[in-house]
Each structure stands twice: as C-alpha cells, then as structure tokens.
Amino acid sequence: MDDKFLKPYDPKATEARIYAEWEESGYFNPDQMIKDGLTEASAETYSIVLPPPNVTGRLHMGHALMLAVEDVFVRTKRMQGFRTLWIPGTDHAAIATQSVVEKDIMKKEGKSRHDLGREELLRRIGDFANESHDTIVSQLKVMGASLDWSREAFTLDAPRTKAVYTVFKQMYDAGLIYRGNRIVNWDPKGQTTISDDEIVHEERKGTLYTFKYAKDFPITISTTRPETKVGDVAVAVHPDDTRYAKFVGKTYEAVFCDVPITVRIVADKEVDPAFGTGALGVTPAHSQIDWEIADRHDLPRIPVINEYAKMTVEGQLNGMKVGEARSTVVEWLRTEGLLEKEEEVTQNISLAERTSGVIEPLPKLQWFIDVNKEIPGRGKSLKQLMLDPVKDGRIEIIPEHFDKTYFHWIENLRDWCISRQIWYGHRVPVWYRGEEIVVGAAPEGEGWVQDEDTLDTWFSSGLWTFSTLGWPEETPELVAYHPTALLETGYDILFFWVARMILMTGFALDTVPFKTVYLHGLVRDAQGRKMSKSLGNNLDPLEIADTFGADAARMALIVGNTPGTDTRISEDKIKGYKNFANKLWNITRYVLTETEGAKDAPLTETDSAVREELAALAADVTRDINEHRIYMAAEKLYHFAWHRLADELIEESKTIFTGEDEAAKASRKVLLLSLLTDILKLLHPFMPFVTEEIWKSVRTKDTLLMVEKWPATAV
RNA sequence: GCGCGCUUAGCUCAGUUGGUAGAGCACUCGAUUUACACUCGAAUGGUCGGGGGUUCGAGUCCCUCAGCGCGCACCA
C-alpha cells in the first residue's frame, strides 16, 4: 500500500496534478482515443458543446453545476466506448461585455465610449475579453471538465464570424432578414435596441390621467404617459362602441401644450371599450399597438421623443426629459381645466435587463428576422422550424413540462430584432454605396461603407453547435458529431438560446442542433436566495474547489438536484462530500492493506451474491445516467460505497479476516478488490479526481481510470 | 388575463411504469488507542397542503380549493 493513504485525502495537492495528466494523455480528444485503440473508429458518437461562458469575468456556481453535469455524461460515455467529444469555447457576449468594460472605464477614467472612439473601445474590450478568457479556461480545468481543448472556439473568432456572415447572407437571400423601420425596444441608458427577451418587467405605481386634448374636443381619453400625447394622430374606439360611433371618421385640430395636433377618430377592434374611457389616444411612433393601429388606418407617425428619452417638439416641452415633460403636461392640463381625473394605478414598466434603463418604444431602422414568412423551397416558416422538432420528438426537453413553456413562447414570438447599436460584436455584414447594397462579404472597390450596427449576441450563439464543428465547411467533425447528443443549460435561457439554436440549425442545416435538452435550475444559497454580488452570498467555485476539492463541489451540485428545479448549496453540503472523498480514500487504505498479495480465488456463495448486488447497482446506475437521472445515480453510488461497502461489508470482513475460514478469507479479498475497482469506475464521472488518484494504487496496468471500460451491468 | 411548477421528517430535497413512506443535514442517546473523528452504532421524527373521485390498492392518476414561486401577455 502506498504511504499516501496514511494521511487524509488532500484534494488541493492532487487535483491540478491529475488534470495535467489527463491533458497530457490527449484523451479528451476522441481522435487520440481512436489512435490508441481505446475507442473504436466506428463507434457511435456522443457530443456536447459547452454553453460558452461570457467573457465578462469569472465563473459562478451555475457554471460549476453545468460543468459537473456535462462532465458526468461525457466521462460516462467515454468509458462506455462512445466516440465522445466535448467542445469548449467562450462567448463574446456583446452587450454584456461592452457594458462591463464601459462602466469600468467610466469609473476609473470618467470617459464614455464616445470619448474613446470605436477602435480604442474595441481594443480595450478585446484586452478585457482575453483576460476573462484565460481566467475562465483555468476555472474550467479546476472543475475537472474533460473538454477537448484542441477544438476550442470563441463566438467572435474568424471561423465563427464566417459562419455568422454565411447564415446572415443565406437568410437575407431567402428574404427572412430584412431592414425595416419599426417600433423597437430602445434602451436610452445603453443607447441600443434590445430584443423582447432582454426586457424585465417591474411593477410600479403610476398615475392614470383622464383628460381631453382641448375644451371643444368631443372625447375624453386616459393615459399614464400624457407627454406622448403631443405625438397623437388619432383616437381609436371599439367599432361596436355606440358612445363614440357618431365621431368615427371625423378629424379634429387642437393645440396640445403648445403643439398643434390633428386627431382623427378611428374604429379599431384592438381597443378595449371597458378600459378607461374606452377611447385610446393613438401615438404611433411611441407605442407598439398604436404603430399597428396606424398601419391599419394609414395614419402618420410623428416622433416626439428621441434616443435620449427627450422631447423633440415645438414649444415649452422641447428638450425636456420625458419625466419632466410629463409633469409639465399635467400642469398644463390642470391650468387649462382639461384634466378630469387622476387615479393611482400599478403598472408594469419595462426595463432593460442589462442596464435597468426604462425602455422607450421608438421607431428605428433596424435589421429583423421574419419568423412567420415561408422559407422559399421549405414550405414552412422559422416559427414552424422551431416548433416541429419538439412536437414530433426529434428533440426531447428534460424536464418534459418545459416543452409547454417553449410552445407558449413561440406562439407569442414576433420578428426578432437582430441589430444592436453597440460596437462589440459581429458587425452587420452589409455594405452600402449610395443605393447599392452588398450582403455577406466586403465588396471590392471604393466608397463602400459597412453598416454601423452589430448583431445581437444570440445570433452567433445560435450557430454554436455547428459553427464549432467547422460549418460552413463540410468538415469530418461536422459529419460525425452533428446533431450533438445533448444540450445542457439553464432553463433561464431556453428562449434566448435554445430556441435560437433550433431556429438557426433548422434553417442552415435543415436538422436539429441536439437530440436532448437538459435544463438545470438556478443555484441558490442556503437560504434559497439568488446568488448575487449585492447580497455578497456568492460562492466562488475556485475557492470551494480550493477548500473542499472540485470533486466535493461536483457531488454537492449533483446529488438531489433534479433538472428544471432550483437547488440550494451550502458549504455544509459540500463538506459532506469532501468527507466522502476521504471515505473512499480510507476504504482503499483498508482494502489494499488487507488484500496485499492476495491471489485469485473462487467466491463464496455470500460473496457472489454481493457481486451480483454490485452488478445490479451498476445496471441501475447506468440506466439512471442514460435516462439523465444523474442525481439518483450519484446518490446510489454514494450510499453503496459508504453505507454498504464501508459500513457493512468492510465491517464484516474484519470478522472474516480474524477467523479460521481460509476459503472465506480468500474469497473476501477478491470481492473487496473487485468492489473497489468497480466503484471507482462508476464514481469516476462524478468524482474524477479522487477516483483517478486512487486508481494509481489499485490498477494492475499503467492506465488512466478516465479511459477504463465502464463496468459490466450484468454478472 | 393565459400558462407552468411547487407544497412529503425540524431544515434541504428524492421518490422512474400506482404495490408497506426515503436520503442528507440537524437533534437525542451511546461507542471508540479504529481503514477513516473528514468515525461508527442506535433512537426519535411524516394522517405526503385541504377536500372529493378512480382503483383491490393513490405521495404517485383525475377533479377542486388554498398558499408559494416562476414564465408570458396586457399595461391607453
């Protein structure tokens, strides 16, 4: 027995060394596995692409959970003989990264992006991204992730950019990407458009004002945003509303707070006759619904608010911020005697998730993806392309009930605004020269100007499963490993990312990006609160690994954590699995001490029964893992190792070994060694470091546990 | 408003097709020059949120009510 077992297991002194050995072996790369005869070249493939962490800093416990889960599947499949590939990468994360760097520069130097200019800002962000990347890569390794580093990708590197430009052009040529002037979600704080999914709603108290535009105006309207009424062009009423029927079609002039307005009365079925006065002041330039009403009634659209959320009208309101303009208008209404009613209401206001800026709906010229248009030659829309594979079972979502959420989201989906007014990201691959437009690649010749905007970060991450495999080239990797087997990610990005991947892959490759979606929940603290910087309750995976070992962190994150459900993590729980690693260590110490020089011997009846018990456990655990119940597999293995092997079998072995029955002794030695060997293999995907370290003392040949064959599941 | 989920031991959670309620932690009592104190043994603890139904049998399936959480939509 090795002397190292005389001291408690020390993960700190072990884990980094073991990871280096794995890396050196080259076995994270399936090609090396085949080359060394450890995997059949013809074996079925199993592939996962790592959801690329944002290069915005460091990894958190959510990442640690993701890595633990994915590594369990990858390591199991590798041991089961699959051609197993897990591709690493990072995400440039456009707006998230840019805003982190911008904030930092503002704080340290008091400069805005405009002070620095595009080139300088991009240089600074690039530096920051590189630093974050290096930190993240080292953290991924600390967690033990068996990623094929030879295939690492970055969403903004050259091959991925090529993929982005290629898809953009294909979608443009198919008429699915268009440039249009439409109401978008404008974030005045971040100075960019954002997608519907980047909005969060917050309940706030507001006031609903009921008033007339002018004394002689026949209809009273209600609004929470009186300042926008200077942009009104109509009052809409329900077609069946008898109160207003006689006004429909008429046009009225008024001067509203210094601004001359022309208001037509229109009938539109979208108007709820029960809300307020049943009459809606239509502001087409600053409301989504009003924009649509304007479409139907051919109304003009008068912008009265600019990108800085300031008024752009004649008279006293000009240049005022919207909030100030609101009080001014209300004051004006009062003095004019037009205000009939003020009611306190709770309203949902829209905030930009990233900056907390209040969203201002503005008409802007932006790039969109049309999700409803039929794709030429395909007979279906992108929406259907997203819907079908989940409906017909080509994609399985775990837990299953999330498919309802997914369908619900798609039903409400509108065209996807893909252009952003930020600088970090894939620049929109469109070049202009006068009336000419070129899409996809920079044209030859003088005088071409590229579109100023960049693409929504989810555009490039939508391509991730195939851009990482070399698409648009028809690489051997793409052929072998796509569609990928599993996508494992948080349920919070089901719409952002998972849906977009299904969309992009359906369009570009006419297939699915993955067969199974495994959605993990949020990692919360011991009190069930979200981990956040402001609460200071973040657990840093690096510190945890340092104190308890990555193996302990992995087990704590996996055991009892069902997919789709939030999990609570505490140092106590992690400590329990550190103790477990030590338990394995001491089991080994006992078994190796007792079996030194043991020869092969027939098993007694009792001992063969135990062998069968282990085979049954192996079968059970294998089934659990195959059916994605790793939380159960982990618990069963823990229980068997500690409470069966250590507490019972080893305890009764002590009696056997001090007894007289030589056959029983010989049998028990064979049994203990075989149980230990199999438990190490079965536990390896969960606790790769400690099992690999123990393996060095148990193995009969100079091999790595990570490439051992998975135990047989039947005797 | 529409939809989804949760409610099981003091706490955190499992419970795969319906077949005698489980784990970890905590707590209580006890052991111990032991492979391991990063230990072991034992004990306590649940009318599975309420009500109704299906069934020989329901934590599990159906209906209903309540509380909590989440998503989406509306938000004039």
Side-chain angles (χ1 to χ4, degrees), chain A residues 1 5-11 196-197 199-201 203-204 206 208-210 221-226 228-229 232 235-237 270-272 275-283 287-290 293 345-350 399-413 491-492 494-495 521-522 524 526-528 548-549 552 555-556 559-562 564-570 572-573 575-594 620 623-624 627-629 631-632 634-636 638-639 642-643 646-648 650-651 653-654 672:
Chain A
M1 185 200 65
F5 290 108
L6 297 176
K7 284 183 288 185
Y9 172 61
D10 181 5
D196 293 345
D197 304 287
I199 291 178
V200 289
H201 298 286
E203 262 198 6
R204 284 194 192 168
L208 183 66
Y209 302 94
T210 300
I221 59 162
S222 299
T223 182
T224 52
R225 296 200 60 187
T228 64
K229 298 292 104 181
D232 279 14
V235 164
V237 298
E270 281 297 299
V271 179
D272 176 3
F275 189 95
T277 61
L280 162 66
V282 182
T283 325
S287 151
Q288 180 69 41
I289 291 188
D290 295 9
I293 291 175
V345 290
T346 45
Q347 52 173 356
N348 273 332
I349 60 155
S350 303
E400 201 182 357
H401 71 256
F402 269 101
D403 57 12
K404 290 201 186 94
T405 314
Y406 178 80
F407 295 142
H408 191 246
W409 176 79
I410 290 179
E411 278 155 26
N412 289 306
L413 186 64
Y491 65 75
D492 52 331
L494 178 63
F495 307 141
L522 267 47
R524 297 173 177 274
Q527 282 85 51
F548 303 103
M555 279 296 274
V559 174
N561 182 5
T562 44
T565 308
D566 294 353
T567 187
R568 297 186 188 202
I569 194 92
S570 61
D572 273 353
K573 187 174 181 187
K575 194 170 170 235
Y577 293 103
K578 183 190 168 153
N579 296 351
F580 180 52
N582 195 54
K583 192 72 181 177
L584 292 172
W585 195 251
N586 283 293
I587 289 171
T588 309
R589 176 178 167 181
Y590 177 82
V591 172
L592 292 183
T593 310
E594 294 300 326
D620 201 15
R623 197 180 324 112
D624 282 338
E627 294 169 14
H628 306 98
R629 289 186 302 269
Y631 54 99
M632 289 192 83
E635 198 178 327
K636 285 171 186 169
Y638 171 91
H639 197 265
W642 197 317
H643 299 301
D647 291 348
E648 293 172 2
I650 286 183
E651 288 308 316
S653 299
K654 290 177 184 171
L672 288 179

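Each chain gets a letter, A, B and so on, in the order the sequences are listed, and its residues count up from 1.
Computed from coordinates, the A:D492 CG to B:G69 P distance equals 19 Å when rounded to whole Å. Note: CZ (A:F495) to P (B:C70) measures 15 Å, nearest angstrom. Put simply, CD on A:Q288 is 8 Å from P on B:C74, counting in whole angstrom units. Rounded to an integer number of Å, the gap from NE2 of A:H408 to C1' of B:C4 is 9 Å. The nearest whole Å value for the distance from the CD1 atom in A:I650 to the P atom in B:A35 is 10 Å. Rounded to whole angstrom, the span from the CG atom of A:L494 across to the P atom of B:C72 amounts to 11 Å. A:Y638 has its OH atom 18 Å from the P atom of B:G22, to the nearest Å. Atom pair A:D403:CG and B:G71:P shows a separation of 19 Å (rounding to whole Å applied).
Rounded to a whole angstrom, the distance from the P atom of B:U7 to that of B:G59 is 14 Å. On the C1' atoms, B:G49 is 10 Å away from B:U8, given to the nearest whole Å. Straight-line distance between the C1' atoms of B:U28 and B:G45: roughly 11 Å, to the nearest whole Å. Straight-line distance between the P atoms of B:U47 and B:G5: roughly 27 Å, to the nearest whole Å. Remark: the separation of the P atoms in B:U54 and B:G46 is 30 Å, to the nearest Å. Comparing the same atom, P, in B:A23 and in B:C40 gives a spacing of 15 Å after rounding to whole Å. Between the C1' atoms of B:A21 and B:G3, the separation comes to 32 Å (whole Å). The same atom, P, is picked in B:G57 and in B:C13; the two are 34 Å apart, to the nearest Å.
Listed by chain and residue number, A:K654 satisfy the side-chain contact (heavy atoms from CB on, under 4.5 Å) test with A:E651 (two or more places apart in sequence, or in another chain). Residues satisfying the side chain to side chain donor-acceptor pair (under 3.5 Å) criterion with A:S350, sequence neighbours excluded, are absent altogether. A:K578 is linked by a side-chain contact (heavy atoms from CB on, under 4.5 Å) to A:F548, A:A552, counting only residues two or more places apart in sequence or in another chain. With sequence neighbours excluded, the residues that form a side-chain contact (heavy atoms from CB on, under 4.5 Å) with A:T223 are A:F211, A:R225, A:P226, A:K229. Residues satisfying the side chain to side chain donor-acceptor pair (under 3.5 Å) test with A:N561, not counting sequence neighbours, are none. With sequence neighbours left out, the side chain to side chain donor-acceptor pair (under 3.5 Å) criterion links A:S287 to A:D290. Residues forming a side chain to side chain donor-acceptor pair (under 3.5 Å) with A:E411 (at least two apart in sequence, or on another chain): none. Residues satisfying the side-chain contact (heavy atoms from CB on, under 4.5 Å) criterion with A:D572, sequence neighbours excluded, are A:S570.
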Could you pull out all donor-acceptor pairs under 3.5 Å where a side-chain atom in residues 579-592 of chain A meets a protein atom, sequence neighbours excluded?
{"residue": "A:N582", "atom": "OD1", "partner": "A:Y9", "partner atom": "N", "Å": "2.9"}
{"residue": "A:W585", "atom": "NE1", "partner": "A:K7", "partner atom": "O", "Å": "2.8"}
{"residue": "A:N586", "atom": "ND2", "partner": "A:N582", "partner atom": "O", "Å": "3.0"}
{"residue": "A:T588", "atom": "OG1", "partner": "A:L584", "partner atom": "O", "Å": "2.7"}

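Residue A:I221 is out of contact with every strand shown, counting any heavy-atom pair closer than 4.0 Å. The residue A:N412 sits close only to the backbone: its heavy atoms come under 4.0 Å of sugar-phosphate atoms, none of a base. A:T224 comes within 4.0 angstrom of sugar-phosphate atoms only, judged by non-hydrogen atoms across all strands, and of no base. Backbone-only contact: A:L208 has heavy atoms under 4.0 Å from sugar-phosphate atoms and none from a base. Residue-level contact check: A:F5 touches neither bases nor backbone, having no heavy atom under 4.0 Å from any strand. At the heavy-atom level, A:V271 lies under 4.0 Å from base atoms of the strands shown. A:L592 comes within 4.0 angstrom of no nucleic acid atom, judged by non-hydrogen atoms across all strands.
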Dot-bracket line, read 5' to 3' along RNA chain B, where crossing pairs take [ ] and | marks a partner on another strand, Watson-Crick or G-U under 3.5 Å: (((((((..((((.....[..))))..((((.......))))......(((((..]....))))))))))))....
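Across all non-hydrogen atoms, the minimal contact from A:D566 to A:L522 is OD1-N, 2.9 Å. Across all their heavy atoms, A:V235 and A:A279 have their closest contact at CG1-CB, 3.8 Å.
Along RNA chain B, the nucleotide closest to A:F402 and the one closest to A:E270 are compared, and the more 5′ of them pairs with A:F402. Of the residues near RNA chain B, A:Y577 and A:A526, the one whose nearest nucleotide (by heavy atom distance) lies more toward the 5' end is A:A526.
For A:E400, the CD atom is loosely surrounded, since the number of other residues' heavy atoms within 6.0 Å does not exceed 12. A 6.0 Å sphere centred on NZ of A:K636 holds more than 12 heavy atoms belonging to other residues, nucleotides or ligands.
A distance-only check finds a donor-acceptor pair linking the side chain of A:K573 to the backbone of A:V559 [under 3.5 Å].
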Could you go through nucleotides 13-19 of chain B and list every protein N or O atom that sits under 3.5 Å from one of its N or O atoms, giving the distance for each pair?
{"residue": "B:C13", "atom": "OP1", "partner": "A:R568", "partner atom": "NE", "Å": "3.2"}
{"residue": "B:C13", "atom": "O2'", "partner": "A:G560", "partner atom": "O", "Å": "3.2"}
{"residue": "B:A14", "atom": "OP1", "partner": "A:T562", "partner atom": "OG1", "Å": "2.6"}
{"residue": "B:G15", "atom": "OP1", "partner": "A:Y631", "partner atom": "OH", "Å": "2.9"}
{"residue": "B:U16", "atom": "O2", "partner": "A:R629", "partner atom": "NE", "Å": "2.7"}
{"residue": "B:U16", "atom": "O2", "partner": "A:R629", "partner atom": "NH1", "Å": "3.3"}
{"residue": "B:U16", "atom": "O2", "partner": "A:R629", "partner atom": "NH2", "Å": "2.8"}

Shorter than 3.5 Å, N or O on both sides, protein versus nucleotides 38-46 of chain B: list them out with atom names.
{"residue": "B:C38", "atom": "O4'", "partner": "A:N579", "partner atom": "OD1", "Å": "3.1"}
{"residue": "B:C38", "atom": "O2'", "partner": "A:N582", "partner atom": "ND2", "Å": "3.1"}
{"residue": "B:C38", "atom": "O2", "partner": "A:N579", "partner atom": "OD1", "Å": "3.4"}
{"residue": "B:U39", "atom": "O3'", "partner": "A:K583", "partner atom": "NZ", "Å": "3.1"}
{"residue": "B:C40", "atom": "OP1", "partner": "A:K583", "partner atom": "NZ", "Å": "3.1"}
{"residue": "B:C40", "atom": "OP1", "partner": "A:W642", "partner atom": "NE1", "Å": "2.2"}
{"residue": "B:C40", "atom": "OP1", "partner": "A:D647", "partner atom": "OD1", "Å": "3.4"}

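Of the candidate nucleotides B:G71, B:G24, B:C75, B:C75 has the atom lying nearest to any side-chain atom of A:I289.
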